[in-house]
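Chain letters run A, B, ... following the sequence lines, proteins first and then strands; every chain starts at 1.
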Protein chains: 2
Amino acid sequence: MKDARKIKDLLYEQVARIGKVFSSPKRLELIELLCQGEKTVETLAREASISVKLTSSHLRELRMAQLVETERQGKNILYRLANKSVADLWVQVHTLAEDRLVELQLALQKIATQPADLIASDRESLMKAARKGEVVVLDVRPSEEYLNAHLPFARSIPLEELRQRLSELPKDRSVVAYCRGPYCLMAADAVALLKDEGFTAFHLREGVAEWAISK
Amino acid sequence: MKDARKIKDLLYEQVARIGKVFSSPKRLELIELLCQGEKTVETLAREASISVKLTSSHLRELRMAQLVETERQGKNILYRLANKSVADLWVQVHTLAEDRLVELQLALQKIATQPADLIASDRESLMKAARKGEVVVLDVRPSEEYLNAHLPFARSIPLEELRQRLSELPKDRSVVAYCRGPYCLMAADAVALLKDEGFTAFHLREGVAEWAISK
DNA sequence: TAATCATTCCAGCATTCACTAGAATGATAA
DNA sequence: TTATCATTCTAGTGAATGCTGGAATGATTA
(Lines give C-alpha, C1' and ligand atoms only; values in the text may rest on other atoms or scores of the structure.)
Protein backbone atom coordinates (compact mmCIF):
# COMPACT_ATOMS: atom_id res chain seq x y z
CA MET A 1 0.00 0.00 0.00
CA LYS A 2 3.04 2.26 0.12
CA ASP A 3 2.82 2.20 -3.65
CA ALA A 4 -0.41 4.15 -3.54
CA ARG A 5 1.34 6.97 -1.67
CA LYS A 6 4.11 7.13 -4.22
CA ILE A 7 1.73 7.27 -7.13
CA LYS A 8 -0.36 9.96 -5.49
CA ASP A 9 2.69 12.03 -4.64
CA LEU A 10 3.81 11.74 -8.23
CA LEU A 11 0.46 12.91 -9.55
CA TYR A 12 0.19 15.97 -7.32
CA GLU A 13 3.79 16.82 -8.04
CA GLN A 14 3.02 17.01 -11.72
CA VAL A 15 0.02 19.26 -11.20
CA ALA A 16 2.16 21.45 -8.94
CA ARG A 17 4.43 22.09 -11.94
CA ILE A 18 1.60 24.14 -13.41
CA GLY A 19 0.97 25.87 -10.09
CA LYS A 20 4.64 26.82 -9.81
CA VAL A 21 4.47 28.70 -13.09
CA PHE A 22 1.66 30.82 -11.69
CA SER A 23 3.51 31.52 -8.44
CA SER A 24 5.89 34.15 -9.76
CA PRO A 25 4.72 37.74 -10.40
CA LYS A 26 6.97 38.22 -13.42
CA ARG A 27 5.80 35.00 -15.03
CA LEU A 28 2.21 36.11 -14.54
CA GLU A 29 3.02 39.34 -16.29
CA LEU A 30 4.58 37.43 -19.18
CA ILE A 31 1.50 35.24 -19.40
CA GLU A 32 -0.75 38.25 -19.58
CA LEU A 33 1.39 39.73 -22.33
CA LEU A 34 1.23 36.46 -24.24
CA CYS A 35 -2.55 36.54 -23.90
CA GLN A 36 -2.40 39.52 -26.27
CA GLY A 37 -0.76 37.47 -29.00
CA GLU A 38 2.63 36.03 -29.92
CA LYS A 39 5.67 38.11 -29.11
CA THR A 40 9.45 37.93 -29.31
CA VAL A 41 11.67 37.59 -26.26
CA GLU A 42 12.88 41.14 -26.74
CA THR A 43 9.37 42.53 -26.83
CA LEU A 44 8.35 40.57 -23.77
CA ALA A 45 11.43 41.75 -21.88
CA ARG A 46 10.77 45.37 -22.76
CA GLU A 47 7.07 45.25 -21.94
CA ALA A 48 7.65 43.46 -18.64
CA SER A 49 10.57 45.74 -17.77
CA ILE A 50 13.06 42.96 -17.14
CA SER A 51 16.32 41.86 -18.75
CA VAL A 52 16.30 39.59 -21.77
CA LYS A 53 18.18 36.97 -19.84
CA LEU A 54 15.72 36.88 -17.00
CA THR A 55 12.86 36.84 -19.48
CA SER A 56 14.51 33.93 -21.21
CA SER A 57 14.75 31.97 -18.00
CA HIS A 58 11.12 32.61 -17.08
CA LEU A 59 10.09 31.56 -20.56
CA ARG A 60 12.10 28.41 -20.03
CA GLU A 61 9.91 27.60 -17.03
CA LEU A 62 6.84 28.17 -19.16
CA ARG A 63 8.23 25.94 -21.87
CA MET A 64 9.07 23.17 -19.44
CA ALA A 65 5.51 23.22 -18.15
CA GLN A 66 4.37 23.00 -21.78
CA LEU A 67 2.36 26.18 -21.46
CA VAL A 68 3.97 27.99 -24.39
CA GLU A 69 5.13 27.15 -27.88
CA THR A 70 7.95 28.74 -29.83
CA GLU A 71 8.52 29.40 -33.49
CA ARG A 72 11.55 30.87 -35.13
CA GLN A 73 10.86 33.77 -37.43
CA GLY A 74 14.04 34.99 -39.00
CA LYS A 75 16.36 36.20 -36.28
CA ASN A 76 13.62 36.29 -33.69
CA ILE A 77 11.89 33.60 -31.73
CA LEU A 78 8.17 34.01 -31.26
CA TYR A 79 6.51 32.77 -28.10
CA ARG A 80 2.83 32.05 -27.89
CA LEU A 81 0.53 30.34 -25.42
CA ALA A 82 0.21 26.65 -26.17
CA ASN A 83 -3.49 26.64 -25.62
CA LYS A 84 -6.49 28.84 -25.08
CA SER A 85 -6.98 27.20 -21.69
CA VAL A 86 -3.74 28.76 -20.48
CA ALA A 87 -5.27 32.19 -21.01
CA ASP A 88 -8.47 30.97 -19.38
CA LEU A 89 -6.53 29.78 -16.36
CA TRP A 90 -4.78 33.13 -16.04
CA VAL A 91 -8.14 34.87 -16.06
CA GLN A 92 -9.58 32.47 -13.53
CA VAL A 93 -6.59 32.84 -11.21
CA HIS A 94 -6.61 36.62 -11.22
CA THR A 95 -10.37 36.71 -10.91
CA LEU A 96 -10.24 34.49 -7.84
CA ALA A 97 -7.46 36.66 -6.44
CA GLU A 98 -9.57 39.78 -6.94
CA ASP A 99 -12.46 38.04 -5.27
CA ARG A 100 -10.55 36.89 -2.18
CA LEU A 101 -7.69 39.31 -1.53
CA VAL A 102 -8.60 42.65 -0.01
CA GLU A 103 -5.07 43.93 -0.63
CA LEU A 104 -5.54 43.38 -4.34
CA GLN A 105 -8.91 45.10 -4.34
CA LEU A 106 -7.37 48.12 -2.68
CA ALA A 107 -4.45 48.21 -5.08
CA LEU A 108 -6.81 48.01 -8.05
CA GLN A 109 -8.71 51.03 -6.83
CA LYS A 110 -5.58 53.10 -7.30
CA ILE A 111 -5.59 52.45 -11.03
CA ALA A 112 -8.82 54.01 -12.10
CA THR A 113 -8.25 57.66 -11.35
CA GLN A 114 -11.94 57.95 -10.59
CA PRO A 115 -14.05 54.94 -9.69
CA ALA A 116 -16.83 56.62 -11.65
CA ASP A 117 -14.78 56.14 -14.82
CA LEU A 118 -15.22 52.40 -14.56
CA ILE A 119 -18.00 50.99 -16.60
CA ALA A 120 -20.12 48.28 -15.07
CA SER A 121 -19.47 45.68 -17.69
CA ASP A 122 -22.90 44.50 -18.63
CA ARG A 123 -21.72 42.85 -21.80
CA GLU A 124 -25.09 42.44 -23.42
CA SER A 125 -26.04 46.09 -23.25
CA LEU A 126 -22.54 47.36 -24.02
CA MET A 127 -22.44 45.26 -27.17
CA LYS A 128 -25.94 46.33 -28.12
CA ALA A 129 -24.94 49.98 -27.79
CA ALA A 130 -21.72 49.36 -29.70
CA ARG A 131 -23.59 47.65 -32.50
CA LYS A 132 -25.95 50.57 -32.83
CA GLY A 133 -23.03 52.98 -32.77
CA GLU A 134 -24.25 54.68 -29.61
CA VAL A 135 -20.85 54.19 -27.99
CA VAL A 136 -17.37 53.81 -29.43
CA VAL A 137 -15.40 50.85 -28.08
CA LEU A 138 -11.75 51.85 -28.20
CA ASP A 139 -8.79 49.45 -28.13
CA VAL A 140 -5.72 51.40 -26.97
CA ARG A 141 -3.23 48.52 -27.13
CA PRO A 142 -0.41 48.42 -29.71
CA SER A 143 -1.91 47.72 -33.10
CA GLU A 144 -0.35 44.27 -33.47
CA GLU A 145 -2.30 43.17 -30.43
CA TYR A 146 -5.48 44.62 -31.87
CA LEU A 147 -4.84 42.76 -35.10
CA ASN A 148 -4.37 39.49 -33.24
CA ALA A 149 -7.73 39.75 -31.50
CA HIS A 150 -10.06 42.46 -30.28
CA LEU A 151 -13.52 43.00 -28.88
CA PRO A 152 -16.43 43.10 -31.28
CA PHE A 153 -17.00 46.52 -32.84
CA ALA A 154 -13.77 47.85 -31.31
CA ARG A 155 -11.73 50.53 -33.04
CA SER A 156 -7.94 50.66 -32.64
CA ILE A 157 -6.03 53.73 -31.59
CA PRO A 158 -2.86 52.82 -29.69
CA LEU A 159 -2.35 54.92 -26.58
CA GLU A 160 0.83 56.43 -28.05
CA GLU A 161 -1.05 57.82 -31.03
CA LEU A 162 -4.15 58.86 -29.18
CA ARG A 163 -3.24 62.51 -28.65
CA GLN A 164 -2.61 62.98 -32.37
CA ARG A 165 -5.74 61.16 -33.46
CA LEU A 166 -8.34 62.68 -31.17
CA SER A 167 -10.23 64.02 -34.17
CA GLU A 168 -11.18 60.47 -35.14
CA LEU A 169 -13.37 60.21 -32.06
CA PRO A 170 -16.82 61.71 -31.61
CA LYS A 171 -17.60 64.18 -28.85
CA ASP A 172 -21.32 63.59 -28.86
CA ARG A 173 -21.07 59.93 -27.86
CA SER A 174 -19.36 57.95 -25.10
CA VAL A 175 -16.00 56.35 -25.64
CA VAL A 176 -15.33 53.09 -23.79
CA ALA A 177 -11.61 52.32 -23.65
CA TYR A 178 -10.05 48.98 -22.83
CA CYS A 179 -6.54 47.52 -22.90
CA ARG A 180 -4.85 44.27 -21.87
CA GLY A 181 -6.89 43.69 -18.77
CA PRO A 182 -7.40 44.95 -15.25
CA TYR A 183 -3.66 45.17 -14.53
CA CYS A 184 -2.83 47.24 -17.56
CA LEU A 185 -2.70 50.98 -17.10
CA MET A 186 -3.18 52.05 -20.71
CA ALA A 187 -6.95 52.33 -20.69
CA ALA A 188 -6.89 54.39 -17.50
CA ASP A 189 -4.37 56.76 -19.08
CA ALA A 190 -6.49 56.97 -22.21
CA VAL A 191 -9.61 57.82 -20.24
CA ALA A 192 -7.77 60.52 -18.30
CA LEU A 193 -6.52 62.04 -21.54
CA LEU A 194 -9.91 61.88 -23.24
CA LYS A 195 -11.72 63.46 -20.34
CA ASP A 196 -9.14 66.24 -20.27
CA GLU A 197 -9.92 66.92 -23.90
CA GLY A 198 -13.64 67.14 -23.30
CA PHE A 199 -14.70 63.67 -24.35
CA THR A 200 -17.13 61.48 -22.45
CA ALA A 201 -14.95 58.47 -21.67
CA PHE A 202 -15.25 55.32 -19.61
CA HIS A 203 -12.83 52.57 -18.63
CA LEU A 204 -13.65 48.91 -19.28
CA ARG A 205 -11.58 46.76 -16.93
CA GLU A 206 -11.73 43.65 -19.05
CA GLY A 207 -9.39 42.77 -21.86
CA VAL A 208 -9.75 40.26 -24.65
CA ALA A 209 -8.87 37.26 -22.47
CA GLU A 210 -11.40 38.17 -19.80
CA TRP A 211 -14.04 38.83 -22.41
CA ALA A 212 -13.46 35.44 -24.01
CA ILE A 213 -14.26 33.50 -20.84
CA SER A 214 -17.66 31.93 -21.17
CA LYS A 215 -19.70 32.80 -18.14
CA MET B 1 6.28 56.78 -14.61
CA LYS B 2 8.22 54.60 -12.17
CA ASP B 3 5.01 54.59 -10.18
CA ALA B 4 3.31 52.52 -12.85
CA ARG B 5 5.95 49.80 -12.44
CA LYS B 6 5.46 49.70 -8.70
CA ILE B 7 1.72 49.42 -8.96
CA LYS B 8 1.95 46.68 -11.56
CA ASP B 9 4.46 44.74 -9.51
CA LEU B 10 2.18 45.00 -6.54
CA LEU B 11 -0.79 43.68 -8.48
CA TYR B 12 0.99 40.67 -9.94
CA GLU B 13 2.51 39.94 -6.56
CA GLN B 14 -0.94 39.66 -5.06
CA VAL B 15 -2.16 37.30 -7.76
CA ALA B 16 0.98 35.24 -7.29
CA ARG B 17 -0.13 34.62 -3.69
CA ILE B 18 -2.89 32.46 -5.12
CA GLY B 19 -0.51 30.76 -7.51
CA LYS B 20 1.88 29.94 -4.66
CA VAL B 21 -0.82 28.00 -2.89
CA PHE B 22 -1.19 25.81 -5.94
CA SER B 23 2.54 25.23 -6.29
CA SER B 24 2.93 22.66 -3.53
CA PRO B 25 1.86 19.02 -4.06
CA LYS B 26 0.71 18.56 -0.49
CA ARG B 27 -1.40 21.70 -0.56
CA LEU B 28 -3.04 20.49 -3.75
CA GLU B 29 -3.88 17.24 -2.03
CA LEU B 30 -5.40 19.15 0.88
CA ILE B 31 -7.45 21.23 -1.54
CA GLU B 32 -8.78 18.13 -3.22
CA LEU B 33 -9.72 16.67 0.15
CA LEU B 34 -11.50 19.90 1.07
CA CYS B 35 -13.40 19.69 -2.22
CA GLN B 36 -15.13 16.67 -0.69
CA GLY B 37 -16.49 18.73 2.20
CA GLU B 38 -15.34 20.27 5.46
CA LYS B 39 -12.85 18.32 7.52
CA THR B 40 -10.84 18.61 10.71
CA VAL B 41 -7.09 19.09 10.76
CA GLU B 42 -6.64 15.58 12.07
CA THR B 43 -8.69 14.07 9.28
CA LEU B 44 -6.85 16.06 6.67
CA ALA B 45 -3.49 15.03 8.11
CA ARG B 46 -4.46 11.37 8.13
CA GLU B 47 -5.92 11.37 4.64
CA ALA B 48 -2.96 13.25 3.18
CA SER B 49 -0.47 11.09 5.10
CA ILE B 50 1.36 13.97 6.70
CA SER B 51 1.89 15.14 10.27
CA VAL B 52 -0.66 17.34 11.98
CA LYS B 53 1.91 20.05 12.37
CA LEU B 54 2.79 20.14 8.72
CA THR B 55 -0.89 20.04 7.82
CA SER B 56 -1.44 22.95 10.12
CA SER B 57 1.23 24.99 8.42
CA HIS B 58 -0.09 24.24 4.94
CA LEU B 59 -3.56 25.19 6.09
CA ARG B 60 -2.08 28.41 7.36
CA GLU B 61 -0.93 29.22 3.83
CA LEU B 62 -4.41 28.49 2.56
CA ARG B 63 -5.90 30.73 5.23
CA MET B 64 -3.53 33.58 4.45
CA ALA B 65 -4.54 33.41 0.81
CA GLN B 66 -8.17 33.53 1.96
CA LEU B 67 -8.95 30.28 0.19
CA VAL B 68 -10.34 28.46 3.24
CA GLU B 69 -12.55 29.28 6.18
CA THR B 70 -12.47 27.76 9.64
CA GLU B 71 -15.09 27.04 12.21
CA ARG B 72 -14.66 25.64 15.67
CA GLN B 73 -16.81 22.67 16.47
CA GLY B 74 -16.22 21.56 20.01
CA LYS B 75 -12.63 20.46 20.34
CA ASN B 76 -12.09 20.33 16.61
CA ILE B 77 -11.56 22.99 14.02
CA LEU B 78 -13.31 22.47 10.73
CA TYR B 79 -11.74 23.70 7.53
CA ARG B 80 -13.71 24.31 4.37
CA LEU B 81 -13.08 25.98 1.05
CA ALA B 82 -14.00 29.65 1.16
CA ASN B 83 -15.70 29.52 -2.17
CA LYS B 84 -16.90 27.22 -4.91
CA SER B 85 -14.49 28.90 -7.29
CA VAL B 86 -11.58 27.49 -5.31
CA ALA B 87 -12.77 23.99 -6.19
CA ASP B 88 -13.32 25.12 -9.77
CA LEU B 89 -9.79 26.45 -9.95
CA TRP B 90 -8.39 23.17 -8.64
CA VAL B 91 -10.29 21.31 -11.33
CA GLN B 92 -9.13 23.69 -14.02
CA VAL B 93 -5.50 23.49 -12.91
CA HIS B 94 -5.38 19.71 -12.85
CA THR B 95 -7.29 19.49 -16.11
CA LEU B 96 -4.78 21.77 -17.81
CA ALA B 97 -1.97 19.72 -16.29
CA GLU B 98 -3.47 16.53 -17.68
CA ASP B 99 -3.84 18.20 -21.03
CA ARG B 100 -0.26 19.47 -21.28
CA LEU B 101 2.01 17.17 -19.28
CA VAL B 102 2.84 13.82 -20.83
CA GLU B 103 4.40 12.66 -17.56
CA LEU B 104 1.08 13.12 -15.82
CA GLN B 105 -0.79 11.28 -18.54
CA LEU B 106 1.58 8.35 -18.18
CA ALA B 107 1.29 8.32 -14.41
CA LEU B 108 -2.50 8.38 -14.64
CA GLN B 109 -2.49 5.32 -16.82
CA LYS B 110 -1.00 3.34 -13.96
CA ILE B 111 -4.06 3.93 -11.82
CA ALA B 112 -6.74 2.23 -13.83
CA THR B 113 -5.66 -1.39 -13.73
CA GLN B 114 -7.14 -1.78 -17.18
CA PRO B 115 -7.77 1.19 -19.48
CA ALA B 116 -10.90 -0.64 -20.57
CA ASP B 117 -12.30 -0.17 -17.07
CA LEU B 118 -12.50 3.54 -17.65
CA ILE B 119 -15.81 4.82 -18.76
CA ALA B 120 -15.88 7.51 -21.40
CA SER B 121 -17.78 10.04 -19.41
CA ASP B 122 -20.57 11.07 -21.71
CA ARG B 123 -22.53 12.70 -18.94
CA GLU B 124 -25.82 12.94 -20.75
CA SER B 125 -26.09 9.28 -21.56
CA LEU B 126 -24.66 8.12 -18.25
CA MET B 127 -27.25 10.15 -16.37
CA LYS B 128 -30.00 8.94 -18.65
CA ALA B 129 -29.03 5.33 -17.98
CA ALA B 130 -28.74 6.01 -14.25
CA ARG B 131 -32.15 7.62 -14.18
CA LYS B 132 -33.69 4.59 -15.86
CA GLY B 133 -31.86 2.29 -13.47
CA GLU B 134 -29.92 0.62 -16.26
CA VAL B 135 -26.65 1.27 -14.44
CA VAL B 136 -25.82 1.74 -10.77
CA VAL B 137 -23.70 4.80 -10.01
CA LEU B 138 -21.66 3.95 -6.93
CA ASP B 139 -19.98 6.45 -4.62
CA VAL B 140 -17.19 4.65 -2.76
CA ARG B 141 -15.97 7.61 -0.67
CA PRO B 142 -16.47 7.77 3.11
CA SER B 143 -20.13 8.34 3.84
CA GLU B 144 -19.65 11.86 5.26
CA GLU B 145 -18.34 12.95 1.89
CA TYR B 146 -21.29 11.36 0.15
CA LEU B 147 -23.63 13.16 2.51
CA ASN B 148 -21.97 16.47 1.77
CA ALA B 149 -22.47 16.14 -1.98
CA HIS B 150 -22.72 13.36 -4.54
CA LEU B 151 -23.56 12.73 -8.17
CA PRO B 152 -27.22 12.47 -9.13
CA PHE B 153 -28.68 8.97 -8.63
CA ALA B 154 -25.50 7.80 -6.86
CA ARG B 155 -25.65 5.17 -4.14
CA SER B 156 -23.13 5.19 -1.28
CA ILE B 157 -21.04 2.21 -0.27
CA PRO B 158 -17.70 3.29 1.20
CA LEU B 159 -14.79 1.27 -0.15
CA GLU B 160 -14.09 -0.14 3.32
CA GLU B 161 -17.54 -1.67 3.55
CA LEU B 162 -17.79 -2.79 -0.04
CA ARG B 163 -16.70 -6.38 0.48
CA GLN B 164 -19.36 -6.93 3.15
CA ARG B 165 -22.11 -5.24 1.20
CA LEU B 166 -21.70 -6.80 -2.23
CA SER B 167 -25.18 -8.28 -2.01
CA GLU B 168 -26.66 -4.79 -2.28
CA LEU B 169 -25.41 -4.55 -5.85
CA PRO B 170 -27.00 -6.17 -8.91
CA LYS B 171 -25.09 -8.62 -11.09
CA ASP B 172 -27.26 -8.14 -14.13
CA ARG B 173 -26.44 -4.47 -14.57
CA SER B 174 -23.29 -2.38 -14.82
CA VAL B 175 -21.84 -0.66 -11.80
CA VAL B 176 -20.07 2.66 -12.39
CA ALA B 177 -17.83 3.55 -9.45
CA TYR B 178 -16.39 6.99 -8.70
CA CYS B 179 -14.49 8.57 -5.82
CA ARG B 180 -12.79 11.91 -5.11
CA GLY B 181 -11.46 12.48 -8.57
CA PRO B 182 -8.83 11.27 -11.01
CA TYR B 183 -6.07 11.21 -8.38
CA CYS B 184 -7.99 9.10 -5.89
CA LEU B 185 -7.41 5.38 -5.99
CA MET B 186 -10.58 4.21 -4.28
CA ALA B 187 -12.74 3.80 -7.37
CA ALA B 188 -10.03 1.81 -9.11
CA ASP B 189 -9.77 -0.50 -6.10
CA ALA B 190 -13.54 -0.86 -6.01
CA VAL B 191 -13.71 -1.79 -9.68
CA ALA B 192 -10.96 -4.38 -9.26
CA LEU B 193 -12.82 -5.92 -6.33
CA LEU B 194 -16.16 -5.91 -8.11
CA LYS B 195 -14.78 -7.51 -11.25
CA ASP B 196 -13.12 -10.18 -9.13
CA GLU B 197 -16.50 -10.95 -7.66
CA GLY B 198 -18.16 -11.31 -11.02
CA PHE B 199 -19.76 -7.90 -11.36
CA THR B 200 -19.70 -5.76 -14.47
CA ALA B 201 -17.93 -2.67 -13.21
CA PHE B 202 -16.53 0.52 -14.70
CA HIS B 203 -14.44 3.38 -13.34
CA LEU B 204 -15.57 6.99 -13.70
CA ARG B 205 -12.53 9.28 -13.41
CA GLU B 206 -14.48 12.34 -12.39
CA GLY B 207 -15.44 13.26 -8.85
CA VAL B 208 -18.03 15.68 -7.58
CA ALA B 209 -15.84 18.76 -8.17
CA GLU B 210 -15.10 17.81 -11.78
CA TRP B 211 -18.74 17.01 -12.41
CA ALA B 212 -19.83 20.38 -11.06
CA ILE B 213 -17.79 22.35 -13.60
CA SER B 214 -20.06 23.76 -16.22
CA LYS B 215 -18.75 22.82 -19.62
C1' DT C 1 32.49 38.23 -42.58
C1' DA C 2 30.04 40.91 -38.87
C1' DA C 3 25.84 41.94 -36.37
C1' DT C 4 21.65 40.46 -34.13
C1' DC C 5 18.73 37.58 -31.33
C1' DA C 6 18.44 34.08 -27.91
C1' DT C 7 19.98 30.60 -25.05
C1' DT C 8 23.09 28.46 -21.96
C1' DC C 9 26.66 27.75 -18.47
C1' DC C 10 29.23 29.45 -14.76
C1' DA C 11 29.28 31.56 -10.34
C1' DG C 12 27.31 34.10 -6.62
C1' DC C 13 23.91 36.14 -3.36
C1' DA C 14 19.92 36.60 -0.59
C1' DT C 15 15.61 34.72 0.17
C1' DT C 16 12.24 31.46 0.61
C1' DC C 17 10.41 26.83 1.12
C1' DA C 18 9.24 22.12 2.78
C1' DC C 19 9.94 19.48 6.31
C1' DT C 20 11.28 17.86 11.06
C1' DA C 21 11.57 18.21 16.08
C1' DG C 22 10.98 20.03 20.78
C1' DA C 23 8.51 22.85 23.80
C1' DA C 24 5.02 26.05 25.01
C1' DT C 25 0.36 27.96 24.61
C1' DG C 26 -4.66 28.24 24.16
C1' DA C 27 -9.25 26.62 23.70
C1' DT C 28 -12.46 23.16 24.67
C1' DA C 29 -14.77 19.02 26.68
C1' DA C 30 -15.26 15.49 30.16
C1' DT D 1 -8.09 18.96 36.82
C1' DT D 2 -6.83 16.25 32.87
C1' DA D 3 -6.95 14.98 28.14
C1' DT D 4 -7.58 16.37 23.47
C1' DC D 5 -7.15 19.23 19.44
C1' DA D 6 -4.66 22.81 17.18
C1' DT D 7 -1.57 26.40 16.70
C1' DT D 8 2.66 28.75 17.47
C1' DC D 9 7.57 29.60 18.43
C1' DT D 10 12.20 28.37 17.90
C1' DA D 11 15.67 26.19 15.52
C1' DG D 12 17.71 23.63 12.14
C1' DT D 13 18.60 21.29 7.48
C1' DG D 14 18.73 20.80 2.56
C1' DA D 15 16.85 22.37 -1.54
C1' DA D 16 15.01 25.52 -4.64
C1' DT D 17 14.16 30.19 -6.33
C1' DG D 18 14.76 34.98 -8.26
C1' DC D 19 17.93 37.74 -9.76
C1' DT D 20 22.54 39.54 -11.44
C1' DG D 21 26.85 39.42 -14.12
C1' DG D 22 30.31 37.57 -17.32
C1' DA D 23 31.46 34.71 -21.04
C1' DA D 24 30.58 31.39 -24.51
C1' DT D 25 27.63 29.24 -28.02
C1' DG D 26 24.20 28.81 -31.94
C1' DA D 27 21.22 30.23 -35.37
C1' DT D 28 20.05 33.58 -38.55
C1' DT D 29 20.43 37.66 -41.58
C1' DA D 30 22.82 41.10 -44.16
Roughly how many Å is it from CE in A:Met64 to P in D:dA16, rounded to a whole number?
-> 12 Å
Check the angle between the aromatic planes of A:Trp90 and A:His94 and answer parallel, tilted or perpendicular using the 30° and 60° thresholds.
-> tilted
Taking side chain as C-beta onward, heavy atoms only, is A:Leu89 less than 4.5 Å from B:Leu89?
-> yes
Between atom NZ in A:Lys75 and atom C1' in D:dT28, what is the gap in whole Å?
-> 8 Å
Do the non-hydrogen side-chain atoms of A:Phe199 and A:Leu193 ever get within less than 4.5 Å of each other?
-> no
N/O donor to acceptor pairs below 3.5 angstrom from side-chain atoms of residues 66-73 of chain B, sequence neighbours left out:
| from | atom 1 | to | atom 2 | distance (Å) |
| --- | --- | --- | --- | --- |
| B:Glu69 | OE1 | B:Arg80 | NH1 | 3.4 |
| B:Glu71 | OE1 | B:Arg80 | NH2 | 2.2 |
| B:Arg72 | NH1 | B:Gly74 | O | 3.2 |

Taking for each residue the nucleotide of DNA chain D bearing the nearest heavy atom, is the 5' side occupied by A:Gln73 or by A:Ser23?
-> A:Ser23
Tell me: CZ of B:Arg72 to P of C:dG26, nearest whole Å?
-> 13 Å
Quickly work out the B:Ile77 CD1 to C:dA27 P distance and round it to whole Å.
-> 11 Å
Rounding to a whole Å, what distance do you find between A:Leu78:CG and D:dT28:C1'?
-> 14 Å
To the nearest 10 degrees, what angle separates the axes at the start and end of the helix from C:dT1-D:dA30 to C:dA30-D:dT1, five pairs each?
-> 30°
Can A:Arg180 and A:Glu145 be counted as an ion pair, charged N to O under 4.0 angstrom?
-> yes
Pairs where residues 4-35 of chain A contributes a residue and the test ring pair (Phe, Tyr, Trp, His ring centres under 6.0 Å) is met, not counting sequence neighbours = A:Tyr12-B:Tyr183
Salt bridge flag under 4.0 Å for residues A:Arg205 and A:Glu98 = yes
Interatomic distance, B:Glu61 CD vs C:dC19 C1' [rounded to whole Å] = 13 Å
Phosphate-side-chain proximity, B:Arg60 and D:dT7, N/O vs OP1/OP2 below 4.0 Å = no
Rounded to whole angstroms, how far apart are CD on B:Glu38 and C1' on D:dA6?
-> 17 Å
Answer yes or no: is there an ion pair linking B:Lys53 with B:Glu42, defined by an N-O contact shorter than 4.0 Å?
-> no
OP1 or OP2 of C:dA6 sitting under 4.0 Å from any side-chain N/O of A:Asn76?
-> yes
Nearest-neighbour nucleotide for the B:Val41 side chain, D:dC5, D:dT7, C:dA6 considered | D:dT7
For DNA chain D, what residues of residues 46-57 of chain A have any heavy atom nearer than 4.0 Å?
-> A:Lys53, A:Leu54
Is the shortest heavy-atom distance from the side chain of A:Val175 to the side chain of A:Val191 under 4.5 Å?
-> no
Winner on side-chain proximity to A:Arg63, out of C:dT8, D:dT28, D:dT17, is C:dT8
Any chance CZ of A:Arg60 has more than 12 other-residue heavy atoms, nucleotides or ligands included, within less than 6.0 Å?
-> no
OP1, OP2 of C:dC5 versus side-chain N and O of A:Tyr79: anything below 4.0 Å?
-> no
Starting from C1' on D:dG18, measure out to NZ on A:Lys20 and report it in whole angstrom.
-> 15 Å
Residues 151-161 of chain A side chain polar contacts: donor-acceptor under 3.5 Å, at least two apart:
| from | atom 1 | to | atom 2 | distance (Å) |
| --- | --- | --- | --- | --- |
| A:Arg155 | NH1 | A:Glu168 | O | 2.8 |
| A:Glu161 | OE1 | A:Arg165 | NH1 | 2.6 |

Residues of residues 24-36 of chain A with a heavy atom under 4.0 Å from any atom of DNA chain D, listed by number, are A:Ser24, A:Lys26, A:Arg27
Taking 4.0 angstrom as the limit, do A:Glu47 and A:Lys39 come out as a salt bridge?
-> yes
Examine C:dC19: is either OP1 or OP2 under 4.0 Å from a nitrogen or oxygen in the side chain of B:His58? Give yes or no.
-> yes
